[in-house]
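Each chain gets a letter, A, B and so on, in the order the sequences are listed, and its residues count up from 1.
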Protein chains: 2
Amino acid sequence: MNDTFKALSDPTRRQIIQLLKERDMSAGEIAEQFSISKPSISHHLTILKNAKLVQDERQGQSIIYSLNTTVIQEALGWFLGMLGTKGEDEK
Amino acid sequence: MNDTFKALSDPTRRQIIQLLKERDMSAGEIAEQFSISKPSISHHLTILKNAKLVQDERQGQSIIYSLNTTVIQEALGWFLGMLGTKGEDEK
DNA sequence: ACTTTATTTAGATGATTATCTAAATATCAA
DNA sequence: TTGATATTTAGATAATCATCTAAATAAAGT
């Protein structure tokens with residue numbers, strides 16, 4: 001869970017996730033959307049991958065990244081928990 | 001929004017939020033729950049406050065912290081957006 | 001076997017961050 | 001106003017992080 005929040009704390013990585021929400025994209029396509037270098041994007045993708053927020057699959061020369069909504073659902077669950085009734089678990 | 005995610009990227013701060021979910025607490029009470037120094041907790045509280053995730057109110061000698069669920073709801077909205085239908089906004 | 005294209009790895013650097021101790025501020029009580 | 005309690009501010013430090021350039025790896029085409 002900590003990896004998830006850490007990964008999401010960077011705005012570039014959140015934008016990457018937003019891109020992948022629309023459609024799967026190669027590392028290069030993703031990098032095109034940003035003004036930072038490809039190695040930097042690659043680094044961000046590694047962090048997202050370690051957090052299991054994205055998956056990658058080689059397709060010929062390209063590596064296609066896609067969103068893993070499972071982990072996003074888990075994070076969403078954390079927020080739902082924070083909105084539960086105050087002190088609900090005290091009994 | 002970035003402040004929110006940045007604030008939530010630290011495990012101590014997330015724990016503080018979980019504590020405040022149960023009940024309002026003074027800075028001292030919060031600090032008791034952790035093994036780090038009071039100034040460090042104070043620093044974390046400042047970050048949470050800047051992100052508007054918590055509110056504070058002086059009550060005598062103590063300063064009582066409470067959760068602001070509005071911002072949590074907004075963050076929850078972000079996650080919901082990431083789970084929407086793929087490419088839903090293309091039309 | 002080369003060359004091109006796509007991506008990652010390595011190594012370095014500057015910025016941000018979490019933490020600490022010591023000192024300052026604020027409130028209350030005697 | 002002095003003393004005790006609660007909290008924050010200041011300043012320092014070590015660790016983490018985002019970024020870069022240069023080099024390495026991998027696949028595909030000629």
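Following rounding to the nearest Å, A:I64 (CD1) and C:dT7 (P) show an atom-to-atom distance of 7 Å. Residue B:I16 contributes atom CD1, which lies 13 Å from atom P of D:dT7 at whole-angstrom precision. The CD atom of B:E32 sits 14 Å away from the P atom of D:dT5 (whole-angstrom rounding). Following rounding to the nearest Å, B:E57 (CD) and D:dT8 (P) show an atom-to-atom distance of 14 Å. The interatomic distance linking B:L45 (CG) with D:dA6 (C1') rounds to 13 Å, in whole Å.
In this structure, B:S26 contributes its side chain and B:E29 its backbone to a donor-acceptor pair below 3.5 Å.
Atom CG in B:L8 sits 5.0 Å away from atom CH2 in A:W78 (nearest 0.5 Å). One distance of note links CZ of B:F79 with CG of A:L80; it measures 10.5 Å at 0.5 Å rounding.
Side-chain nitrogen and oxygen atoms of A:S42 include none within less than 4.0 Å of the OP1 or OP2 phosphate oxygen of C:dT9. Under 4.0 angstrom from either OP1 or OP2 of C:dT8 there lies at least one side-chain N or O belonging to A:Y65. Considering only side-chain N and O atoms, A:S26 lies under 4.0 angstrom from the phosphate OP1 or OP2 of C:dT7.
In this structure, the side chains of A:M82 and B:R14 stay at 4.5 Å or more apart for every pair of heavy atoms. Counting heavy atoms from C-beta outward, A:E57 and A:I63 have side chains that stay 4.5 Å or more apart.
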query = What string of B, S and - do you get for nucleotides 15-30 of chain D, 5' to 3', if B is base contact, S is sugar-phosphate-only contact and - is no contact with any protein heavy atom under 4.0 Å?
reply = --SSBBBB----BS--
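Evaluation of the side-chain contact (heavy atoms from CB on, under 4.5 Å) rule for A:Q61 yields no partner, not counting sequence neighbours.
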